[in-house]
Amino acid sequence: SCDFAAFTFGQKYMRSPLSPEMATQEVPLNETLAHLKTESETLKLKLEEERAKLHDVELHQVAEKVEGLGQFVMKTRRTLKGHGNKVLCMDWCKDKRRIVSSSQDGKVIVWDAFTTNKEHAVTMPCTWVMACAYAPSGCAVACGGLDNKCSVYPLSLDKNENLAAKKKSVAMHTNYLSACSFTNSDMQILTSSGDGTCALWDVESGQLLQSFHGHAADVLCLDLAPSETGNTFVSGGCDKKANVWDMRSGQCIQSFETHESDINSVRYYPSGDAFASGSDDATCRLYDLRADREVAIYSKESIIFGVSSVDFSLSGRLLFGGYNDYTINVWDVLKGTRVSILFGHENRVSTLRVSPDGTAFCTGSWDHTLRVWILMC
Amino acid sequence: MEKMIVAMQDPDMGMKLRNQRLLITVIPHAMTGHDIIIWLIHKYSVCEEEALHLGGMLVKYGYIYPLKEPRSLVLQPDESPYRFQTPYFWTSTRWPASELDYAIYLAKKNIRKQGELMEYEKERYSLLHKKINHTWDFVVMQAREQLRASKQRRKADRIVLECQEQAYWLINRPPGGPNSLQRGPGLVRGKLAINCCDLPSFLKYSEQYQNHDPIMQGCLPSNPWISDDTAHWTMNTEMVPVPTRLRVERWSFSFMELLNDAMGRQEFMLYLEKEFSAENLYFWQACEEIRHGESSKIVEKVEEVYKNFLAPGAARWVNIDSKTMDKTLEGIKQPHRFVLDDAQMHIYFLMKKDSYPRYLKSDLYKNMLAKAIVPQETKKSVFPFMRRQRHSSPSPAQAVAQATEEEGRHKGAG
């Protein structure tokens, strides 16, 4: 039942063991497993040694002579109240002022964040709506969560019409939906799921166009690449891996594994040449796709809580991270230093997105609210 | 550096260029290393040592390249011939040297020299082959196409272009090692050792976009979230009578920036129409609609594309190389979402390499830039966070609903 699932999910994300039968196997198999584990650890260490020999340069070293950033003035400019429980996800509309947000209580709300007016509200048939996205046209939203589905709701302007009536069920996974995103049009949706896969769907027919297998555990996040050949995306999972996929073939073309825990969020650098990740290991990292390696790590001894969500400022100079200790840390992407810490939320920050024109950024929190922030150099 | 280079090429006071002999070919507009040094000594009243150092820098950064030993980026104070690099290839030029471009360049070299690339080039070629294997057919086809086009040029021109291109890639993808030089923004000084990686590109990108980042530089006339005034959004809607200056500047950052902006695309279309190559952009747009559109409409859309762009005698026939054309025509017998990908990429890169740079130099673009608005900064009121009336805006869903309603009415009336 939904309640039981919610309970186990509440502990952390549902993680299916690699094979339920393994627990009941005899000792020799466990020993082989332990042996393989040790071997894999040794190989990893060897890789790190070899890498160090290559004197791989880090981004902050290259940026040594770049002028540092001054003090920032920051302020919450809007507080959106209306959700009855934890806010789990949000997304901006291309018009730069509207947003959609989803919550644990099953509600999905569309706001004009500028006026703080609620424009639409949908009640999902399940709780924990972990994913929501705004369609590029601004005429629909997609959402899903513990129902294992991703559904598209066309936004009707008839105040009397029940949005749920026109709902279109698009994606079907075998476990919870963790993230969703429209591609360049309203016609295709990319999803990631607790079932360990990502998938590309045709909205009109609900047909599965491509599936992406390779993660060894729940996939928690995804982001589409802003490249000129426009055919790749990155995903992050509970297996600590970030994978880059070719949307045409379904192949995993690059994989990065340097985080020490679940990757909760991935976001492309605006040029598309790199992407940032945020993890339960309390760090954010930057991976360069051409160099095929990690080139920066954003961490501080005083930061010990996991990162739930990351996004870049328009120029890519700043990286925003929403953390489980209720704060937002702002990082200088080039120099690797923390330039600001923002307080305001009264519980975990679960989602964070910079607006399409970079004028502000919005956070959603377990304190039931969303906040729109401005930052000035 | 560029100011210096422009001065060197001044028709009156600049360097005297003449034809230089390179083996059996005569290269026009070249100069000797000795000439360069003498000019620098006279122009800047410096000693020979300093002129040699200065000239050496110009070569190291790719503004002047050697014709005789292209790999040796030094200035020889003798009769060795040099040439000015075309501005298209200047390292300060905004376009990032992409993996795809580099792969095409290496593929061309590979074909021309029949596999005799340098060691480090061979390594990178196979690395790229693995990394972008999914677009390798395209890479080879583009390389063949570019080689074919270059064969049609005069030998002297061809050699010059090859030298320019080679010089560009020697700067942007140096062989590596402790003495390789990378360029960063004005503030970064000194030499950096980098392993087959382009970290300075992050510095370059952030610097280029800094003025466009409202968080870093603010925005004009004001940030709507701070002032409660939506003028900034109104001035930057998709279609405006006159765009802002920052917006038009962004079109010059990369071809993708131009195409991603509806106004930019429209302007570019106008330009292409003047050049009688608008069919390229129409074709590209039609392919995009197939790639991102409904699955159910793929077959009919591919039909349309064939009729309008690919069929012999088509109204908007696109000039694709025969290999790609053959492959595409074969593929559309069983149409699917990605069947036009190769052809689309071919036309995209054609526009990017050819029409786009020329558009940026055209009067059309220059005029647009000149008349673009630079909004006045709104003076902050006495009470900076005084609440203004926050006006609502029509929902995007509303605009579409109205449009479909009107469409329906017209259809009904007809």
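Because the structure is a prediction, the values reported are computed rather than measured. The sequence lines fix the lettering, A, B, ..., with proteins before strands; numbering per chain opens at 1.
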Inset, instruction - For chain A, find which of Glu238(B), His232(B), His391(B) contributes the most heavy-atom pairs closer than 4.5 angstrom. - result: His391(B)
Legend entry - Separation of Phe349(B) CZ from Met351(B) CE (nearest 0.5 Å): 11.0 Å
Legend entry - Region of Arg317(A) in contact with chain B, defined by heavy-atom distances below 4.5 Å: both
Legend entry - Aromatic ring proximity, centroids under 6.0 angstrom, Tyr125(B) and Trp136(B): yes
Legend entry - Distance-only side-chain donor-acceptor flag, Tyr209(B) / Ser313(A), under 3.5 Å: no
Legend entry - Which portion of Asp246(A) sits near chain B, non-hydrogen atoms under 4.5 angstrom: side chain
Inset, instruction - Measure up the Trp233(B) and Trp225(B) rings against each other and bin them: parallel (under 30°), tilted (30 to 60°), perpendicular (over 60°). - result: perpendicular
Inset, instruction - Quickly, which of Phe256(A), Tyr269(A), Phe233(A) forms a ring pair (Phe, Tyr, Trp, His ring centres under 6.0 Å) with Phe275(A)? Name it, please. - result: Phe256(A)
Legend entry - Thr359(A) versus chain B, the contacting section by heavy-atom distance below 4.5 Å: both
Legend entry - Side chain, backbone, both or neither of Arg78(A) within contact of chain B (heavy atoms, under 4.5 Å): side chain
Legend entry - Side chain, backbone, both or neither of Pro270(A) within contact of chain B (heavy atoms, under 4.5 Å): both
Inset, instruction - Pick whichever of Asn223(B), Thr237(B), Asn211(B), Leu259(B) has the most heavy-atom pairs under 4.5 Å with chain A. - result: Asn223(B)
Inset, instruction - Please state whether the side chain, the backbone, both or neither of Asp357(A) comes within less than 4.5 Å of a heavy atom of chain B. - result: both
Inset, instruction - Below 4.5 Å from any heavy atom of chain B, which atoms of Ala140(A) appear? Answer side chain, backbone, both or neither. - result: neither
Legend entry - Parallel, tilted or perpendicular: ring planes of Phe361(A) versus Trp373(A), cut at 30 and 60 degrees: parallel
Inset, instruction - For chain A, find which of Lys130(B), Arg337(B), Gln210(B), Gln217(B) contributes the most heavy-atom pairs closer than 4.5 angstrom. - result: Arg337(B)
Legend entry - Contact winner vs chain B - Glu64(A), Gln251(A), Lys96(A), Arg98(A), heavy-atom pairs under 4.5 Å: Arg98(A)
Inset, instruction - Indicate whether the side chain of Thr244(B) and that of Asn236(B) have a donor and an acceptor atom separated by less than 3.5 Å. - result: yes
Legend entry - Per-residue contact mode, Leu59(A) against chain B (heavy atom under 4.5 angstrom): both
Inset, instruction - Could you pull out all residues at least two apart from Val339(A) that satisfy side chain to side chain contact (heavy atoms under 4.5 Å, CB included)? - result: Leu69(A), Phe72(A), Leu318(A), Val330(A), Asp332(A), Thr337(A)
Inset, instruction - Tell me, for Leu375(A) versus chain B, whether the close heavy atoms (under 4.5 Å) come from the side chain, the backbone, both or neither. - result: both
